[in-house]
Number of protein chains: 2
Amino acid sequence: MLQVRDGSLQVMLWQRAREPHAHRWSLPGGGLGDDEDVEESIRRQLAEKVDVRQLSHVEQLAVFSHPGRVPGRPRVVATAFLGLVPSHIDPVVPSDTAWHPVDALPPTAFDHEAICDRARHRLASKLSYTNLGFALAPPEFTISALRALYSAALGYKVSATNLQRVLSRRGLLEPTGATVPPGPAGGRPAALFRFVSGRLRVTDPFAVLRPPSTRSLGP
Amino acid sequence: MLQVRDGSLQVMLWQRAREPHAHRWSLPGGGLGDDEDVEESIRRQLAEKVDVRQLSHVEQLAVFSHPGRVPGRPRVVATAFLGLVPSHIDPVVPSDTAWHPVDALPPTAFDHEAICDRARHRLASKLSYTNLGFALAPPEFTISALRALYSAALGYKVSATNLQRVLSRRGLLEPTGATVPPGPAGGRPAALFRFVSGRLRVTDPFAVLRPPSTRSLGP
DNA sequence: ACAAAAGTGTTAACTCTACACCCATGC
DNA sequence: GCATGGGTGTAGAGTTAACACTTTTGT
């Protein structure tokens with residue numbers, strides 16, 4: 001589960017009490033029940049940590065199935081997921097559970113660091129060619145705030161100017177009309193925006209080799 | 001397993017002899033052994049159908065885990081893969097096995113039609129932003145031949161002119177120097193090309209929101 | 001007035017599509 | 001010569017990054 005917290009992208013981990021890998025930090029998860037699919041299962045597992053209604057997005061990443069991935073046990077096949085929580089939420093988490101910046105992970109259990117890396121990469125990619133930003137952002141936000149979210153998730157500074165232009169041209173962003181008063185240092189009040197849609201949509205489907213344009217189908 | 005055959009994208013299926021879903025057509029696959037991961041397993045399963053050295057690309061698609069996906073049995077969790085065979089190969093296949101155009105599938109077992117759709121979509125996407133064309137094409141080919149492969153895989157006509165330009169600009173294609181004599185109808189001899197690399201490479205990593213250019217880091 | 005923060009205008013570079021045109025060959 | 005298929009030139013549209021500039025506020 002990933003969230004932008006305090007200006008950095010963080011992942012929710014819990015500290016294992018027992019072997020194998022006691023005291024190491026682990027991604028939430030667990031066994032698959034007989035009457036659920038893996039999507040239902042991961043939501044059930046995450047529900048033990050947070051209110052699942054706080055999850056703004058969940059998607060499959062990949063299967064991790066190396067025979068030795070869980071030491072001292074028969075092989076465990078894991079289906080890894082990317083889960084996102086919007087930045088305005090601060091879920092109450094159990095005492096063995098905490099958020100960690102993805103750039104400074106504590107010792108992790110099993111192959112969970114590799115799973116984290118996969119999740120970061122997937123998130124960065126989808127921010128570029130979909131409207132997935134809605135899953136990181138609160139319902140309303142200033143462009144500066146959105147810039148901070150994108151910067152944290154992508155790992156490099158994003159220009160507020162160009163971010164607004166790209167997302168607006170694609171029709172993903174709309175102004176609410178409201179503004180936020182500036183801080184004590186002054187400055188122009190910032191306009192508030194929201195994402196037009198809260199459903200994942202691919203906005204830049206093919207970089208090249210697009211289908212022929214319709215006008216070339218004429219007589 | 002997908003391949004462009006006779007001008008259309010086709011999938012290799014085998015006809016089930018026994019229930020459930022007897023006589024329906026099924027994707028190759030099977031159980032996961034204790035000492036292999038899912039990638040090794042799928043290659044082992046496919047080896048029963050073709051020479052695995054003929055596989056030019058294999059990648060995970062997704063997990064299919066709906067409890068009712070295999071009727072009359074405890075739930076079976078499947079990890080679906082996309083496998084590609086270059087068009088110049090014509091593998092000898094068992095008698096219960098045949099290639100079918102993805103646009104005209106016979107009645108398929110379980111959720112295998114959905115898996116096929118997922119594979120087609122993944123292939124089409126990756127042709128646009130990676131060099132995955134190498135996995136469909138023979139070692140050397142004319143631009144016309146490559147155009148036919150891309151058109152079949154994408155499902156719409158691709159311009160030979162622009163295909164050559166896009167792939168050349170990206171440094172994916174290089175001329176071999178050789179040419180192919182024209183057919184009986186005449187025409188200019190076609191130059192032969194090859195893919196520079198046979199390893200998957202992302203060539204168009206982010207549609208937008210690229211990291212800042214290096215020159216803006218100057219003093 | 002001045003500093004600070006937000007937002008807009010503008011330019012240059014780049015990429016892709018479409019289409020006109022030229023090239024090399026068989027008949 | 002001329003039809004046929006292969007290949008190149010080029011113009012135009014569309015996006016994006018970079019940066020200068022304007023707007024709106026607090027002190």
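Owing to the predicted nature of the structure, the values given are computational and were not obtained by experimental measurement.
With C:dT25, D:dT25, D:dG7 as the candidates, the nucleotide lying closest to the side chain of A:P189 is D:dT25. Listed nucleotides D:dG7, C:dT25, C:dC16 differ in distance to B:I143; the shortest reach to its side chain belongs to D:dG7. Ranking D:dT25, C:dA6, D:dG6 by closeness to the B:R188 side chain, first place goes to D:dG6. With D:dG26, D:dT8, C:dT8 as the choices, the nucleotide that has an atom nearest any side-chain atom of A:P182 turns out to be D:dG26. With distances taken from any side-chain atom of A:A185 to the nucleotides C:dC16, C:dA5, C:dT25, the minimum falls on C:dA5.
Distances shorter than 4.0 Å separate some side-chain N or O of B:R170 from OP1 or OP2 on C:dC16. Contact annotation: B:Q164 reaches the phosphate of D:dT8 (side-chain N/O to OP1 or OP2, under 4.0 Å).
Within the 4.0 angstrom heavy-atom criterion, only backbone atoms of the sugar-phosphate kind lie near B:S144; the bases stay farther away. Among the atoms of the strands shown, none is found under 4.0 Å from any heavy atom of B:P181. At the heavy-atom level, B:A160 lies nowhere under 4.0 Å from the strands shown.
Checking A:K49 against A:T97 by side-chain atom types alone, a donor-acceptor pair falls below 3.5 Å. Residues A:T176 and A:R194 have side chains that never bring a donor and an acceptor to within less than 3.5 angstrom of each other.
Taking the six-membered ring where the residue is Trp, the centroids of B:F195 and B:F141 are separated by under 6.0 Å.
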A:Q10 and A:S8: CA distance, side-chain angles, deciding distance, side chain to side chain donor-acceptor pair (under 3.5 Å) verdict: CA-CA 6 Å; A:Q10 304 201 4; A:S8 74; 3.3 Å; yes

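Residue order along DNA chain D, read from the 5' end via each residue's closest nucleotide, puts B:L192 first among A:G183 and B:L192.
Taking atom CG on A:D204 and atom P on D:dG14, their separation rounds to 15 Å, with Å as the unit. Rounding to whole angstrom units, CZ of residue A:R147 and C1' of D:dA18 are separated by 15 Å. One atom, CZ of A:R169, and another, P of D:dA13, lie 16 Å apart when rounded to the nearest Å. Atom CG in B:L167 sits about 14 Å away from atom P in C:dT15, given to the nearest Å. Atom-to-atom, CG of B:N162 to P of C:dC14 comes out at 19 Å; the value is rounded to the nearest Å. Atoms CG (A:L163) and P (D:dA17) sit 10 Å apart, rounded to a whole Å. Rounded to an integer number of Å, the gap from OH of A:Y150 to C1' of D:dT16 is 16 Å. Between the C1' atom of C:dA6 and the CZ atom of A:F141 lies a distance of 15 Å, rounded to the nearest Å.
In this structure, the side chain of A:S168 does not engage the main chain of A:L173 through any donor-acceptor pair within 3.5 Å.
Donor-acceptor pairing under 3.5 Å, judged by distance alone, is present between the side chain of B:R165 and the base of D:dT10.
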